[in-house]
J.: 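This is the structure, below, for whatever I ask next.
Both counts, for ligands and for their atoms, begin at 1 and track the order of listing. FYI, the numbering just counts along the sequence from 1. The structure displayed is predicted, hence computed values, not measured ones.
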Amino acid sequence: MRAANCPDRKGRARRCFRTRGRGHFAEKFLISCYAPARGHSAKSRTEKGMVMKMKVTVYSCREFDEKELFIRYGKELGMELVLCPDAPCLENAGLAEGSICMDILTTPMTEELLKAFREVGIRYLVTRTIGYDHIDRKAAKKLGITVANAPYGPHGVADYAVMLILMSIRKMKRIIERTNIQDYTLKGVQGRELKDMTVGVIGTGRIGRTVIGNLSGFGAKILAYDLMENEEVKKYAKYAALEEIWEQADVITLHAPLTDDSFHMIGKDTIGKMKDGVILVNTARGALIDSEALIAGIESGKIGAAGLDVVENEFDMYYYDRKSDVLHNRELAVLRGFPNVTVTHHMAFYTDECIKTVVRDSLEGCRIFMEGKEKYAGQAGEEQRKNPWEVV
Ligand code: NAI
């Protein structure tokens with residue numbers, strides 16, 4: 001444990017702690033507190049009916065991109081914010097005392113942790129992500145904590161998926177490596193053209209649909225699969241059974257969530273049914289692909305290339321500087337080493353637009369919750385709507 005001084009809600013210095021873990025937490029421990037000028041702060045009603053200033057405790061707040069946005073939007077919404085760079089844990093739960101809402105990233109929120117936060121008064125938990133599978137929603141419900149997320153537009157991830165497809169078919173990893181060492185030869189880096197290829201898109205929700213729209217401009221033949229068909233998709237793609245996609249696609253790009261059904265949907269058997277030299281792109285969730293089967297497929301030449309923004313068991317590594325650590329993810333080490341596999345650290349979402357949207361909407365949801373309104377008026381003339389970010 002390491003101690004640091006941080007202000008409490010009255011601005012007094014107090015001790016708070018963080019777990020040192022395995023040395024991969026943010027290097028700088030910082031707690032800052034933003035309070036709007038007197039007379040401008042918004043109020044909310046507590047469970048006992050007392051009126052209090054709207055206060056939100058933000059965990060895992062990144063100083064280099066999120067902090068300024070939190071201060072800006074907090075000010076606009078008249079909120080008091082506690083900005084903590086560390087992930088929520090039992091040791092720093094006390095920071096949330098006096099807040100009804102907390103704002104987190106991808107920390108697994110177990111029943112034990114949720115209980116600790118409920119005890120200090122938390123009733124609304126928002127995650128600055130689309131997925132909320134890291135939160136024990138059953139426990140949250142039992143404890144009376146409302147769970148919300150903050151989705152952002154699909155374009156950032158969709159653009160990224162297309163980039164990984166293009167990088168894979170044009171052998172860009174090898175080209176960049178060669179250029180870096182002044183190897184300007186051509187042998188071994190001949191690419192292919194998308195117009196001659198069939199792309200299989202699995203999952204045609206917000207991101208998958210946008211990928212299909214993007215790909216339509218390249219002239220590729222597009223096959224799509226989803227549990228539910230979407231009319232817009234049919235303008236550019238043909239829905240097909242998974243078997244058909246395995247057999248016909250030159251490129252397969254994944255945009256389905258991780259569920260019991262989709263876990264390892266790409267494994268030894270399915271890879272065996274694919275075209276020789278197939279290219280796999282995953283910007284959805286690592287565990288959709290069985291890493292061991294993927295490695296075997298690449299080693300045998302069955303899989304021609306892969307673009308992986310996500311891998312199995314990435315939690316605890318991605319977004320930390322781990323270059324001096326021995327990591328316990330052999331599959332990732334092997335995959336990174338292949339010349340035809342491009343690995344990035346789960347950052348397809350990471351654009352200016354996305355971060356702005358996530359920070360703003362996470363606070364906006366807190367405001368709606370704290371104001372205790374079922375409905376609120378958005379822009380002038382806009383239809384009244386419920387808190388659109390609540391998921392439980
Ligand atoms: P969405 O909920 O709009 O769409 C998901 C689609 O997948 C739905 O149409 C659903 O019917 C379909 N689906 C569910 N189970 C399926 C299955 N077993 N097989 C085929 N389709 C299935 O979600 P959205 O926003 O399009 O996101 C897709 C995924 O992308 C997310 O679940 C998340 O895992 C991932 N993601 C990755 C990011 C990154 O930075 N790499 C950022 C944001 C999301």
J.: Tell me: protein heavy atom nearest atom 23 (O) of ligand 1, and distance?
T.: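 Result for atom 23 (O) of ligand 1: R206 N, 4.6 Å.
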J.: Within less than 4.0 angstrom of ligand 1, does T259 place any heavy atom?
T.: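 Per 4.0 Å heavy-atom rule, T259 does not contact ligand 1.
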J.: Is the F117-Y59 ring centre distance short of 6.0 angstrom?
T.: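 That pair passes the under 6.0 Å test.
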J.: Check for a donor-acceptor pair, side chain of D321 on one end and backbone N or O of K323 on the other, with a separation under 3.5 Å.
T.: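 Yes.
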J.: Please check if any side-chain donor atom of T351 sits under 3.5 Å from a side-chain acceptor atom of Y160, or the reverse.
T.: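 Looking only at side-chain atoms, Y160 and T351 do not form any donor-acceptor pair under 3.5 Å.
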J.: Within a distance under 4.0 Å of any heavy atom of A256, pick out the atoms of ligand 1 and give their elements.
T.: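 Result: 7 (O), 16 (C), 20 (C), 21 (N), 22 (C).
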J.: Between H134 and T127, do the side chains contain an N or O donor and an N or O acceptor separated by less than 3.5 Å?
T.: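 Yes, side-chain donor-acceptor contact under 3.5 Å.
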J.: Can you classify the ring geometry of Y319 versus F349 as parallel (below 30°), tilted (30 to 60°) or perpendicular (above 60°)?
T.: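 Correct class here is perpendicular.
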J.: How does D309 reach ligand 1, if at all, at less than 4.0 Å between non-hydrogen atoms: by side chain, backbone, both, or neither?
T.: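 Contact part for D309 vs ligand 1: side chain (C-beta onward).
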J.: Among side-chain atoms of T259 and D261, is any donor-acceptor pair under 3.5 angstrom?
T.: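 No, no side-chain donor-acceptor pair sits under 3.5 Å.
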J.: Check Y152 against ligand 1 and report side chain, backbone, both or neither, counting heavy atoms closer than 4.0 Å.
T.: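 The part of Y152 near ligand 1 is the side chain, not the backbone.
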J.: Within a distance under 4.0 Å of any heavy atom of G205, pick out the atoms of ligand 1 and give their elements.
T.: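 The atoms of ligand 1 under 4.0 Å from a heavy atom of G205 are 3 (O), 4 (O), 6 (C), 9 (O), 26 (O).
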J.: Could you point out which residue of E247, E244, E243 forms a salt bridge (Lys or Arg N to Asp or Glu O under 4.0 Å) with K273?
T.: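 Among the candidates, only E243 passes.
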J.: Would you say T204 has any N or O atom under 3.5 Å from an N or O of ligand 1, going by distance alone?
T.: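 Among all N and O atoms of T204, none is under 3.5 Å from an N or O of ligand 1.
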J.: Pick, from V157, T283, V201, the option with the minimum heavy-atom distance to atom 37 (C) of ligand 1.
T.: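 Result: the heavy atom closest to atom 37 (C) of ligand 1 is in T283.
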J.: Can you find a protein heavy atom closer to atom 19 (N) of ligand 1 than 4.0 Å?
T.: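 Protein heavy atoms within 4.0 Å of atom 19 (N) of ligand 1 - there is at least one.
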J.: Does the protein come close to atom 2 (O) of ligand 1 - that is, does one of its heavy atoms sit below 4.0 Å from that atom?
T.: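 Given the 4.0 Å cut-off, atom 2 (O) of ligand 1 does not count as touching protein heavy atoms.
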J.: Does a donor on one side chain sit under 3.5 Å from an acceptor on the other, for Y320 and D325?
T.: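 No.
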J.: Suppose we measure from atom 15 (N) of ligand 1 to each protein heavy atom; which comes out shortest, and what is that distance?
T.: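 Looking at atom 15 (N) of ligand 1, the protein heavy atom closest to it is L227 CD1, 3.5 Å.
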J.: Only heavy atoms of F349, strictly under 4.0 Å: list the atoms of ligand 1 that pass.
T.: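 Listed by number with element, the hits are 40 (O), 42 (C).
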J.: Below 3.5 angstrom, do we get any N/O pair linking I202 and ligand 1?
T.: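 In fact, backbone or side chain, I202 has no N or O that close.
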J.: Counting from 1, what ligand 1 atoms have a heavy atom of I130 closer than 4.0 Å?
T.: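 That gives atoms 43 (C) of ligand 1.
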J.: Please tell me if atom 31 (C) of ligand 1 is touched by the protein, where touching means a protein heavy-atom distance below 4.0 Å.
T.: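 Neighbour list for atom 31 (C) of ligand 1 is empty of protein heavy atoms (cut-off 4.0 Å).
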J.: State the atoms of ligand 1, each with its element, that fall below the 4.0 Å cut-off from a heavy-atom position in A348.
T.: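 With A348 as reference, the close atoms of ligand 1 come out as 39 (C), 40 (O), 41 (N).
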J.: Sequence neighbours excluded and cut-off under 3.5 Å, please list the side-chain donor-acceptor pairs for residues 210-230, or say none.
T.:
{"residue": "T210", "atom": "OG1", "partner": "R206", "partner atom": "O", "Å": "2.6"}
{"residue": "S216", "atom": "OG", "partner": "G213", "partner atom": "O", "Å": "2.6"}
{"residue": "D226", "atom": "OD1", "partner": "M228", "partner atom": "N", "Å": "2.9"}
{"residue": "D226", "atom": "OD2", "partner": "T204", "partner atom": "N", "Å": "2.7"}
{"residue": "D226", "atom": "OD2", "partner": "T204", "partner atom": "OG1", "Å": "3.2"}
{"residue": "E229", "atom": "OE1", "partner": "K234", "partner atom": "NZ", "Å": "3.2"}
{"residue": "N230", "atom": "OD1", "partner": "E232", "partner atom": "N", "Å": "2.9"}
{"residue": "N230", "atom": "OD1", "partner": "V233", "partner atom": "N", "Å": "3.3"}

J.: Is L125 close to M109 at the side-chain level, that is, under 4.5 Å between some pair of heavy atoms?
T.: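 Touching, per the 4.5 Å side-chain cut-off.
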J.: Under 3.5 Å, N or O to N or O, is D261 touching ligand 1 that way?
T.: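 No, since none of the N or O atoms of D261 sits under 3.5 Å from an N or O of ligand 1.
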J.: With heavy atoms under 4.0 Å as the rule, classify the contact between H255 and ligand 1 as side chain, backbone, both or neither.
T.: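 The backbone, only.
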J.: So, R367 and E371, do they make that salt bridge, N to O below 4.0 Å?
T.: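 Judged by the 4.0 Å cut-off on N to carboxylate O distance, R367 and E371 do form a salt bridge.
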J.: Hey, is R128 close enough to E66 for a salt bridge, meaning N to O under 4.0 Å?
T.: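 Salt bridge between R128 and E66, a charged N being under 4.0 Å from a carboxylate O: yes.
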J.: Would you say R285 and ligand 1 have an N/O pair spaced under 3.5 Å apart?
T.: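 Such a contact does occur with ligand 1.
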J.: Just to be sure I'm reading this right: ignoring hydrogens, which of S262, P154, G131, P257 gets closest to atom 7 (O) of ligand 1? Compare them by their nearest heavy atoms.
T.: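 Result: the heavy atom closest to atom 7 (O) of ligand 1 is in P257.
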J.: Any idea which protein heavy atom is nearest atom 10 (C) of ligand 1, and the distance to it?
T.: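 Here the closest protein heavy atom is D226 OD1, 3.5 Å.
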J.: By number and element, which atoms of ligand 1 are closer than 4.0 Å to a non-hydrogen atom of Y225?
T.: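 Listed by number with element: 19 (N), 20 (C).
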J.: Of the choices M228, M265, M347, H346, which has the non-hydrogen atom that lies closest to atom 39 (C) of ligand 1?
T.: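 Result: the heavy atom closest to atom 39 (C) of ligand 1 is in H346.
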J.: The criterion is ring-ring contact (aromatic ring centres under 6.0 Å, His included); which residues satisfy it with Y124, sequence neighbours excluded?
T.: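 Counting only residues at least two positions away or on another chain, Y124 forms a ring-ring contact (aromatic ring centres under 6.0 Å, His included) with F369.
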